[in-house]
There are 2 protein chains.
Amino acid sequence: MTTSRTQALAGVPLFGGLEEIELASVAGDASVRRAASGRAFFRAGEAATRVYVLVAGRVKVTEVSPEGHEVILRVNGPGDLFGGVAALVDGSEYPVTARALETSEALAWSGQVMLALMRRFPVVAINAARLVALRLHALQRVHHELMTDRVERRIARAVLRLAREAGRRVESGVEIDFPLSRQDLAQMTGTTLFTVSRTLSGWQSEGLVTTARRRVVVCQPERLVRIADDLS
Amino acid sequence: MTTSRTQALAGVPLFGGLEEIELASVAGDASVRRAASGRAFFRAGEAATRVYVLVAGRVKVTEVSPEGHEVILRVNGPGDLFGGVAALVDGSEYPVTARALETSEALAWSGQVMLALMRRFPVVAINAARLVALRLHALQRVHHELMTDRVERRIARAVLRLAREAGRRVESGVEIDFPLSRQDLAQMTGTTLFTVSRTLSGWQSEGLVTTARRRVVVCQPERLVRIADDLS
DNA sequence: GGCCCCGTATGACAGCCGTCATACCGTCCC
DNA sequence: GGGACGGTATGACGGCTGTCATACGGGGCC
């Protein structure tokens, strides 16, 4: 029971630096949450009561504006913290929605319990600060790209990032290992599904990628990198 | 000496929850850093050795891409943490540049000392995680706007934010209390100085704002809010 | 006081890309 | 197997806004 949870927490960055016994104690305070593909762990606006660490599956974190525009902020994989630090602020609400892209499993702690853990094991609080900072830096880079780069380059960067973080080797190249629609890519890169469709079509006809329904395989990463980084 | 530093730290969010004696101890570990207008506390790429808390003045945090495009990520005021969490990661580099917009003064701790403080006072680490999370959420909102909103709305939002965070009441309205050029606004909103100039000119001729060299005064905030929020 | 430079203003032009319309196709579900 | 639906493809059109050129004016520095 708890031992399998403890194993799930080994190697999770949030708990790096804890002894095994401490890890077991942390695991003992956790509850298991599962979400089928398409279901939400939590939605924006709900009371932020829990902190999650993803154990298996994949979770997309999205934000919706009052006008109804939805954007994808990131896609989390196993080991990632999410729902994170909103839950540490009393009475706050989740600012984002976390939705399973495929059947997913996470460990969860209430904000109160996580705060107690952090006071008991300061390294966990330090890790949390670091992790959020890394996420901030990643978002700063994407934000910078959005400000200064054309659409094609932004899509190239997004595809390369996803291939790096969630790629699986297949015979023809590296496949992005979860369902990814044109619309999803558009919501990550600040463009429209039409432009993404056009761009991927172009790349496909030149052999850079092969695509199918909600599938993308990167065949020639180096040419994609050239699109992403070329200083012209 | 240390007592004046201690006073400077009272009310700083990073150290919320510390007793006065503890605060004095924290202050004792700090060194004072000053930067004249236009000088940098640190630059992107330098070894991230120090954590700063701004005591007086104003600091803009910018990021430069390999192509040389510079964007402004935020403007910090007194009490704000900056250079923050990069310094907690061993051997890391600052991902951004922090430059004084006016003569500024900060307290600084080495990353090692700050880590020790966090282990001794876990609440400081928890505060740090919260603060970085708040900054992340703020950037997420701006990022969302950049993806979905037109330029005029983005500029309106940026001006309103600055007026709220760094506004000073004057007879004709609320003046943004530090030098702010068209170029600065462009680098905050992902557009060009030309478009900002055109937009502000339009607003000025309609009486929404008055402008001068690196000066912006918001005269009719409610009409600016309408531009920022109108669902049309 | 005068010069230089930075910041600003404004017009002309073009092109990236958003918007809308239409059609195709694979998948799922009865 | 057939229909419905969600995802994709592609064209036409237009406008927001980036790019470039030019000019002006106020501040600061010698």
Side-chain angles (χ1 to χ4, degrees), chain A residues 36-38 60 65 67-72 99 101-102 145-156 158-159 176 178-206 208-217 227 232, chain B residues 36-38 60 65 67-72 99 101-103 145-156 158-159 176 178-206 209-217 227 232:
Chain A
S37 176
K60 80 172 171 184
S65 66
E67 281 104 348
H69 287 122
E70 182 177 25
V71 308
I72 300 179
R99 190 175 294 280
L101 279 174
E102 46 192 41
E145 292 169 15
L146 187 57
M147 280 199 180
T148 58
D149 294 345
R150 296 274 115 120
V151 165
E152 187 185 23
R153 177 169 292 192
R154 302 206 302 267
I155 300 174
V159 168
I176 292 172
F178 58 87
L180 180 74
S181 70
R182 309 291 183 268
Q183 177 70 34
D184 291 334
L185 271 172
Q187 289 176 344
M188 293 180 175
T189 55
T191 179
T192 63
L193 102 89
F194 307 100
T195 300
V196 173
S197 177
R198 267 183 261 272
T199 305
L200 290 189
S201 290
W203 290 350
Q204 179 151 27
S205 71
E206 300 199 355
L208 298 199
V209 300
T210 59
T211 67
R213 186 194 187 77
R214 306 223 290 169
R215 290 279 141 204
V216 177
V217 181
I227 292 175
S232 71
Chain B
S37 177
K60 79 171 170 184
S65 66
E67 280 105 350
H69 286 123
E70 182 176 24
V71 307
I72 299 179
R99 191 175 293 281
L101 278 174
E102 48 192 39
T103 304
E145 291 169 15
L146 187 56
M147 281 201 180
T148 59
D149 293 345
R150 293 277 123 112
V151 166
E152 187 184 22
R153 177 170 292 193
R154 301 206 302 267
I155 300 174
V159 168
I176 292 172
F178 58 87
L180 179 74
S181 70
R182 309 292 183 267
Q183 176 72 32
D184 291 334
L185 270 173
Q187 290 176 343
M188 293 179 184
T189 55
T191 180
T192 62
L193 100 88
F194 307 99
T195 300
V196 172
S197 177
R198 267 183 261 273
T199 304
L200 289 189
S201 290
W203 290 349
Q204 180 151 26
S205 71
E206 299 200 357
V209 300
T210 60
T211 67
R213 186 193 187 80
R214 306 224 287 169
R215 291 278 142 204
V216 177
V217 180
I227 293 175
S232 71

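Letters A, B, ... are given to chains in the order of the sequence lines, protein chains preceding strands, and every chain is numbered from 1. If you're wondering where the values come from, they're calculated on a predicted model, not measured in any experiment.
Minimum heavy-atom separation, B:I176 to B:V159: CD1-O, 3.9 Å.
Judged as a salt bridge (charged side-chain N to carboxylate O under 4.0 Å, His left out), and not counting sequence neighbours, A:E70 has no contacts. Partners of B:E206 by salt bridge (charged side-chain N to carboxylate O under 4.0 Å, His left out), not counting sequence neighbours, listed by chain and number: B:R223. Listed by chain and number, the residues in a side-chain hydrogen bond (donor to acceptor under 3.5 Å, both in side chains) with B:T195 are B:T192 (sequence neighbours excluded).
Atom CZ of B:R214 and atom P of D:dG27 are 12 Å apart (whole Å). If you take CD1 of A:I155 and C1' of C:dC17, they are 11 Å apart, rounded to a whole angstrom. Atom CZ in A:R215 sits roughly 14 Å away from atom C1' in C:dG26 (whole-Å rounding). Distance CG (A:L180) to C1' (D:dG7): 12 Å, rounded to an integer number of Å. The nearest whole Å value for the distance from the CZ atom in A:R153 to the P atom in C:dC16 is 14 Å.
Using a 4.5 Å heavy-atom cutoff, the side chains of A:Q204 and A:T210 are in contact.
Helix-axis bend for the helix from C:dG1-D:dC30 to C:dC30-D:dG1: the local axis fitted to the five terminal pairs at one end deviates from that at the other end by 50°, rounded to 10°.
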Base versus backbone protein contacts along nucleotides 9-20 of chain D [heavy-atom cut-off under 4.0 Å; B, S, -]: BBBB---SSSBB
What nitrogen or oxygen pairs link the protein and nucleotides 3-6 of chain D at under 3.5 Å?
unit_1, atom_1, unit_2, atom_2, d
D:dG6, N2, A:R213, NH1, 3.1

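In this structure, the separation between CD on B:Q183 and OG on B:S197 is 11.5 Å, given to the nearest 0.5 Å. Annotation: the span from A:L193 atom CG to A:L185 atom CG amounts to 10.5 Å, rounded to 0.5 Å. One finds the CZ atom of A:R213 at 12.5 Å from the OG1 atom of A:T211 (value rounded to the nearest 0.5 Å).
Checked against B:F178 for a side chain to side chain contact (heavy atoms under 4.5 Å, CB included), the options B:R214, B:K60, B:E102 give a single hit: B:E102.
At least one donor-acceptor pair closer than 3.5 Å links the side chain of A:R154 to the backbone N or O of A:G190. Distance alone, capped at 3.5 Å, is enough to place a donor-acceptor pair between the B:R153 side chain and the B:I227 backbone.
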